[in-house]
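A quick write-up on the structure given underneath.
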Number of protein chains: 2
Amino acid sequence: MPRITEARREARRDQIRAAALRSFAAKGYQRTSIADVVTESGLSAGAIYGHYADKGELFAAVAQHVLSRRDDEIAAASHEGVPPSPYEILVLLTGGMARDLADGRVLVQLWSESTVDPALRAVVQRVVGSVRGVLGDALRNWFATRPDLAPDGPDAAAQLLLPVVMGLGQAFIMQRALLEDFDPDAYLAAAEAVLPR
Amino acid sequence: MPRITEARREARRDQIRAAALRSFAAKGYQRTSIADVVTESGLSAGAIYGHYADKGELFAAVAQHVLSRRDDEIAAASHEGVPPSPYEILVLLTGGMARDLADGRVLVQLWSESTVDPALRAVVQRVVGSVRGVLGDALRNWFATRPDLAPDGPDAAAQLLLPVVMGLGQAFIMQRALLEDFDPDAYLAAAEAVLPR
DNA sequence: GTCTATACGGAGATAGAC
DNA sequence: GTCTATCTCCGTATAGAC
């Protein structure tokens, strides 16, 4: 396989994903027609179906792409230098989202779709599992430096706290996407006040 | 207006809403056709359009109905007897959801739709405002009994904590709706560990 | 690989009888 | 108010040329 061709192929797929992401964010996944993605991408229907079997597969690819970068960021941060605190981990989690996605709309749509679509549900399950792992690691590392806060050991402390950190991250994304008057700083300040330091 | 007729009308509207709720929970709002609601309700298309102008209005009515149930539960609890603690408030908020999966799924779908549909967005804004008010009240009441935890007064303490309690509630609903292996008890235990007591 | 053009099915909404 | 029947549009996905 010639690498030029392969690189071009991936570039084209990326072009399609990017156009789809913009379209989904603007109109929502269901309301977005292939014609919309055609317009947004400057390509044709044929070109799109040449790369993705159907609309659902395209959405899954977009979602997968967006989500996969969270893992890397957190893993990187928790393995270099001083372990980040739970609050800092939350900031990493939400900050990355904010950078990648203009807003979290598409993620909220993904969550919604995955309540009724088994294929998307599988994508979400897998990524959540992975985030849990990375997040758990990061928390464990931090609790290891603070034995005073982990009487039953860093493992137990991390396991206990995990759902809260995940939940606060998800809720941040949702509220930012949903509420006209959402105040990120107030939200994070509230989180900082309750998370262990 | 004869009241029998009015009561019958409301009963019929309720029958339609209930059928729509079941359908939406099973297939998702967008994937649910009017034909599905017809089947589920045992009525006809004509009957449904006699009560709701279009599919969107029906969804708004279903969502409004689901949301108002939450509001009532919290308001009732916070006005009777000892002020519930933040953790107890969270349990109240999520308790209704834990009983029935349908409500949770439809709520997640509502959040998703409201990222792209102005009419639904307005519904969400309004109800969130109301929940904020009720929740804020409840938190203020509790902090008033615990001045040791509210150095700047119960108002400030309640304001600070509010986003976290709301967020944890929303995230509970979402995780319950979409994670196969969601553990409500572990989630609430984690919340209890971080919330002030 | 990509384009243009289109087949095909399905969904929302209405008309008109009862 | 409700039913049956149907109209009309729109969206997905494909066929075939280049």
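None of these values were measured; they are calculated from a predicted model. The sequence lines fix the lettering, A, B, ..., with proteins before strands; numbering per chain opens at 1.
When atom types are taken as modelled, the side chain of A:Q170 and the backbone of B:Q175 share no donor-acceptor pair closer than 3.5 angstrom. In this structure, B:T32 contributes its side chain and B:S23 its backbone to a donor-acceptor pair below 3.5 Å. The backbone N or O of A:A189 lies less than 3.5 Å from no partner atom in the side chain of A:E192, so there is not a single donor-acceptor pair.
Under a hydrophobic-cluster definition in which Ile, Leu, Val, Met, Phe, Trp and Tyr are linked whenever side-chain heavy atoms come within less than 4.5 Å, directly or via other members, B:F182 and A:V116 are assigned to different clusters. In terms of hydrophobic clustering, with Ile, Leu, Val, Met, Phe, Trp and Tyr side chains grouped at heavy-atom distances under 4.5 Å, A:V194 and B:L149 are assigned to a common cluster. A:L92 and A:V164 are members of different hydrophobic clusters when ILVMFWY side chains are connected at heavy-atom separations under 4.5 Å. Clustering ILVMFWY residues whenever any of their side-chain heavy atoms sit less than 4.5 angstrom apart, transitively, puts B:M174 in the very cluster that holds B:V66.
With B:Y52 as the aromatic partner, B:R13 meets the cation-pi criteria of under 6.0 angstrom to the ring centre and within 45 degrees of the ring axis. The cationic group of A:K55 does not satisfy the cation-pi geometry with A:Y49, failing either the under 6.0 Å distance to the six-membered ring centre or the 45° limit from the ring axis.
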Which letters describe nucleotides 2-8 of chain D, given B = protein heavy atom under 4.0 Å from base, S = only from sugar-phosphate, - = neither? SBB----
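Near-neighbour residues of DNA chain C inside residues 32-41 of chain B, defined by a heavy atom below 4.0 Å, number-ordered: B:T32, B:S33, B:I34.
If you take CD of A:Q30 and C1' of D:dC10, they are 14 Å apart, rounded to a whole angstrom. Straight-line distance from the CZ atom of A:F59 to the P atom of D:dT12: 14 Å, rounded to whole Å. Atom C1' of nucleotide C:dA11 and atom CG of B:L58 are separated by 15 Å, given to the nearest angstrom. Atoms CD (B:E57) and P (C:dG12) sit 15 Å apart, rounded to a whole Å. Atom CZ of B:R31 is separated from atom P of C:dG10 by 15 Å (rounded to the nearest Å).
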Determine, step by step, whether B:R31 and A:E113 satisfy the salt bridge (charged side-chain N to carboxylate O under 4.0 Å, His left out) criterion, reporting the C-alpha distance in whole Å, the side-chain angles of both residues, the deciding distance to 0.1 Å, and the verdict. CA-CA 10 Å; B:R31 301 170 132 90; A:E113 284 298 307; 2.5 Å; yes
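One side chain, B:D36 or B:S33, offers a donor N or O that lies under 3.5 Å from an acceptor on the other.
The A:K55 side chain lies nearest to D:dT12 when the options are D:dT12, D:dG1, C:dT14. Which of C:dT14, D:dA13, D:dG1 sits closest to the side chain of A:D54 comes down to D:dA13. Proximity note for A:R9 (side chain, C-beta onward) versus D:dG1, C:dG1, C:dG12: the nearest is C:dG1.
Computed from C1' positions of five pairs at each end, the angle between the two local axes of the helix from C:dG1-D:dC18 to C:dC18-D:dG1 equals 0°, rounded to 10 degrees.
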